[in-house]
There are 2 protein chains.
Amino acid sequence: MELDQRKKIILKAVIRNYLETGEPVGSRTISKYTDLNLSSATIRNEMADLEEMGYIVQPHTSAGRIPSDQGYRFYVDTMMEEKDREVVELKEMLLERQDKMETLLKQVAKVVAQNTQYAAMISAPSTHRNKVKFIQLSRVNPEQLLAVIVVEGNVIKNNIINVAEELSDENLLKLNILLNTHLNGLSMEEINLGIISAMKQQAGVHGSLIGEVIDAVGEAIKADEDLEIYTSGTNNIFRYPELTDNGKASELVGTFEEKQQLGSLIQESLAEDAGTGIQVYIGDEAPIKSMKDCSVVTATYELGEGMKGTIGIVGPKRMDYDKVIGTLRTIQSKLDELYRNE
Amino acid sequence: MELDQRKKIILKAVIRNYLETGEPVGSRTISKYTDLNLSSATIRNEMADLEEMGYIVQPHTSAGRIPSDQGYRFYVDTMMEEKDREVVELKEMLLERQDKMETLLKQVAKVVAQNTQYAAMISAPSTHRNKVKFIQLSRVNPEQLLAVIVVEGNVIKNNIINVAEELSDENLLKLNILLNTHLNGLSMEEINLGIISAMKQQAGVHGSLIGEVIDAVGEAIKADEDLEIYTSGTNNIFRYPELTDNGKASELVGTFEEKQQLGSLIQESLAEDAGTGIQVYIGDEAPIKSMKDCSVVTATYELGEGMKGTIGIVGPKRMDYDKVIGTLRTIQSKLDELYRNE
DNA sequence: GTTAGCACTCAATCGACGGGAGTGCTAACA
DNA sequence: TGTTAGCACTCCCGTCGATTGAGTGCTAAC
């Protein structure tokens with residue numbers, strides 16, 4: 001069977017109506033809702049076809065139809081190609097450029113959640129590929145050294161290193177020069193054991209002590225690379241009974257708290273990034289099982305210097321895709337603006 | 001009317017039974033539960049008295065009794081003075097000493113939540129009173145300076161400072177000396193505008209540029225003083241219907257996400273700190289209105305060097321106070337141990 | 001191909017009903 | 001005077017059946 005023009009119109013009408021009301025929609029409603037001027041009986045026939053084709057389902061025999069995952073997928077796909085979304089006006093949108101990345105991200109998550117009334121999450125941009133700008137090792141007291149590493153994008157990492165034996169001023173200076181000449185300009189992912197052992201070799205004699213310090217610096221660089229994720233509006237899920245019935249709320253809240261679980265979503269979204277960077281996952285399409293009754297819309301953003309992160313919105317399948325995608329587009333461009341002329 | 005010995009026994013029996021079952025408890029149950037050898041009729045009379053005195057209430061006419069807030073309060077108070085709690089064995093309790101405070105705190109929250117099956121929160125110790133150990137200003141590039149401040153307890157703060165005009169090596173060195181001589185050994189709360197302007201004065205001529213830098217350092221020290229709070233086990237609240245019925249879940253989850261709201265609790269707990277540092281808030285006693293159906297148990301902890309923070313456990317009023325308090329005691333001593341010989 | 005009509009299905013709602021847990025009160029007992 | 005057995009009463013809760021109403025599928029006529 002083929003999805004002809006009329007079927008498409010009816011399918012869209014069903015979905016749009018369901019998005020609004022959250023109730024199964026019957027043939028009579030569609031008969032009046034659309035301007036097709038068809039009787040409910042005709043619509044009934046078409047709807048039976050659509051059901052057979054898998055776009056809509058009946059929750060029980062004598063109820064109206066609701067969209068299946070396949071139906072949502074159709075809707076989202078056609079919607080995405082149809083028109084350029086108008087830019088959504090964000091309520092109280094004030095993104096000031098923050099020194100602290102953390103503050104900015106929390107702010108974005110909050111704005112997005114408030115605006116859409118769904119749950120929002122945002123991952124900090126990964127800095128693997130950012131280059132080291134500056135390294136400094138200083139003595140805090142005889143047994144403690146402080147290593148500070150500044151990376152492009154003004155990301156700062158630091159680490160306190162405990163040493164058994166005091167390092168002479170001369171050696172400290174040498175070490176600083178060594179570290180800077182070897183590591184400056186390298187991206188964090190390029191700094192590997194090979195480079196570190198090369199440095200150790202060049203440092204020569206003092207093997208053990210200096211070696212330890214070099215290792216510690218290497219660790220400081222590698223550390224903290226677990227992706228940080230911030231969430232907001234988790235309690236918006238309570239607006240949608242289909243997400244909170246039967247103890248589903250507990251699972252979802254748990255997932256949002258254990259932010260590591262959200263990682264897979266972030267990864268996938270970054271990987272799939274095509275064109276606009278906006279992705280829609282419906283039900284099982286998302287790689288997180290507790291979200292099987294949700295839809296997830298993700299957008300990748302870029303903060304100058306190639307630092308990429310992901311924003312995600314989680315809501316019921318009957319979410320207002322149009323608005324959500326519009327909001328994400330707006331945020332994308334605002335962030336881009338904010339950091340373009342760094 | 002007086003709360004005589006027998007009434008106390010009955011009251012405790014009612015409460016203990018209710019804690020176990022979560023069901024209203026009737027006179028017959030108590031008659032068998034206790035070894036008073038009284039008939040249910042006698043118990044009924046006593047229970048009527050207890051109700052009149054406000055220790056227990058009936059959810060409806062023909063139901064058993066449940067403890068009122070006043071009843072819980074009595075129970076907790078007598079329990080606290082009764083005996084030394086035996087030490088609770090924590091499941092999989094492995095607190096390794098972490099370099100990163102954040103990791104340690106998240107770990108503690110998680111352990112506590114898993115152990116008690118309630119929601120847990122923990123505030124990072126405030127560092128107002130910690131003394132500055134080390135300050136360093138370095139040039140990252142001609143327009144950017146990096147300020148690093150190390151505070152007792154190895155708390156590290158840093159800030160990138162943008163300058164309009166390059167600072168000479170000589171001036172940078174002077175500044176470093178100036179900063180260290182003036183600020184080293186002072187606690188963060190002692191560093192105020194007076195001290196900062198004194199430094200500016202001493203710096204003399206270069207007023208504007210150097211003044212700006214000094215201000216920026218001052219800001220870096222003051223910044224980030226909003227208390228950080230970590231939570232875990234939020235979804236444990238779903239184990240207790242009385243906390244999640246009628247949309248209460250949404251409120252509670254919201255409170256846990258907006259961690260700032262938890263601040264008042266932390267403050268109060270730190271302020272009230274008496275003796276053991278353990279506090280119990282029942283219902284309205286807690287300063288957060290979304291917790292009016294909860295009980296909250298807080299404990300202050302100390303990580304050497306006078307860094308104090310608070311751990312809080314939030315659960316239903318019928319929480320297992322005994323276990324919760326035991327767990328908190330154990331955590332307190334483990335943390336103390338961990339940092340005692342710094 | 002479209003539509004009116006009709007029988008059918010099934011979830012949701014409502015009221016009636018009975019069981020059960022628990023109470024308060026009274027009267028009898030030690 | 002304190003304790004207890006007995007009893008009527010209250011009220012929650014689950015079950016059952018009837019009713020309602022929205023919606024469907026099918027058939028026959030247009």
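From a predicted model like this one, the values you see are computed outputs, not experimental measurements. Order of the sequence lines sets the chain letters (A, B, ...), proteins ahead of strands, with each chain counted from 1.
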Next item on the list: With Tyr75(A) as reference, evaluate Leu19(A), Val280(A), Val14(A), Leu11(A) under the side chain to side chain contact (heavy atoms under 4.5 Å, CB included) test and give the passing residue.
Entry: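 It is Leu19(A); the other options fail the test.
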Notebook entry, point to check: Could you go step by step and tell me if Thr298(A) and Ser269(A) meet the side chain to side chain donor-acceptor pair (under 3.5 Å) rule?
Noted result: CA-CA 7 Å; Thr298(A) 60; Ser269(A) 163; 3.1 Å; yes
Listed pairs, N/O of protein and of nucleotides 15-18 of chain D, under 3.5 Å:
none

Checklist line | For DNA chain D, the residues among residues 50-71 of chain B that have a non-hydrogen atom under 4.0 Å from it | finding: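 Within this stretch, His60(B), Thr61(B), Ser62(B) sit under 4.0 Å of the strand.
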Notebook entry, point to check: In this structure, are over 12 heavy atoms from other groups packed under 6.0 Å from Asp35(B) atom CG?
Noted result: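 Counting other residues, nucleotides and ligands, CG of Asp35(B) stays at 12 neighbours or fewer.
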Checklist line | Over 12 non-hydrogen atoms of neighbours within 6.0 angstrom of CZ in Arg318(A) | finding: yes
Item checked: Interatomic distance, Met47(B) CE vs dG24(C) P [rounded to whole Å] -> 8 Å
Check: Over how many whole Å does the gap from Lys7(A) atom NZ to dG1(C) atom P extend?
Finding: 10 Å
Strictly by modelled atom types, are [X] and [Y] linked by a side-chain donor-acceptor pair under 3.5 Å?
X         : Y         : value
Ser123(A) : Tyr230(A) : no
Lys259(A) : Thr231(A) : yes
Arg44(B)  : Ser27(B)  : yes
Thr327(B) : Thr330(B) : no

Note to self: Here's a test of your reading of the structure: between Ala48(A) and Arg6(B), which maps to the more 5' nucleotide of DNA chain D?
What the structure shows: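 Its nearest nucleotide lies further toward 5', so the answer is Arg6(B).
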Note to self: Is the ring pair Tyr18(B)/Tyr72(B) parallel, tilted or perpendicular, if the boundaries are 30 and 60 degrees?
What the structure shows: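 Answer is tilted, since the angle falls between 30° and 60°.
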Checklist line | Carboxylate-amine/guanidinium proximity below 4.0 Å for Asp4(A) and Lys8(A) | finding: no
Next item on the list: Salt-bridge test for Arg73(A) and Glu285(A): reply yes if a basic N is under 4.0 Å from a carboxylate O, no otherwise.
Entry: yes
Item checked: Residues in ring pair (Phe, Tyr, Trp, His ring centres under 6.0 Å) contact with Tyr240(A), at least two apart in sequence or another chain ->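 Testing Tyr240(A) for ring pair (Phe, Tyr, Trp, His ring centres under 6.0 Å), a comparison that skips the adjacent residues, returns Tyr118(A).
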Notebook entry, point to check: Taking only residues two or more places apart in sequence, or in another chain, which ones meet Phe238(A) in a ring pair (Phe, Tyr, Trp, His ring centres under 6.0 Å)?
Noted result: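 So Phe238(A) forms no ring pair (Phe, Tyr, Trp, His ring centres under 6.0 Å) with any residue.
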Next item on the list: Mind running a 4.0 Å heavy-atom check of residues 13-45 of chain A against DNA chain C and sending the residues that fall below it, in number order?
Entry: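 Asn37(A), Leu38(A), Ser39(A), Ala41(A), Thr42(A), Arg44(A), Asn45(A) - these, ordered by number, are the residues of the stretch whose heavy atoms sit under 4.0 Å from the strand.
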Notebook entry, point to check: How does DNA chain D look in dot-bracket notation if pairs are Watson-Crick or G-U with both distances under 3.5 Å, crossing ones as [ ], other-strand ones as |?
Noted result: ||||||||||||||||||||||||||||||
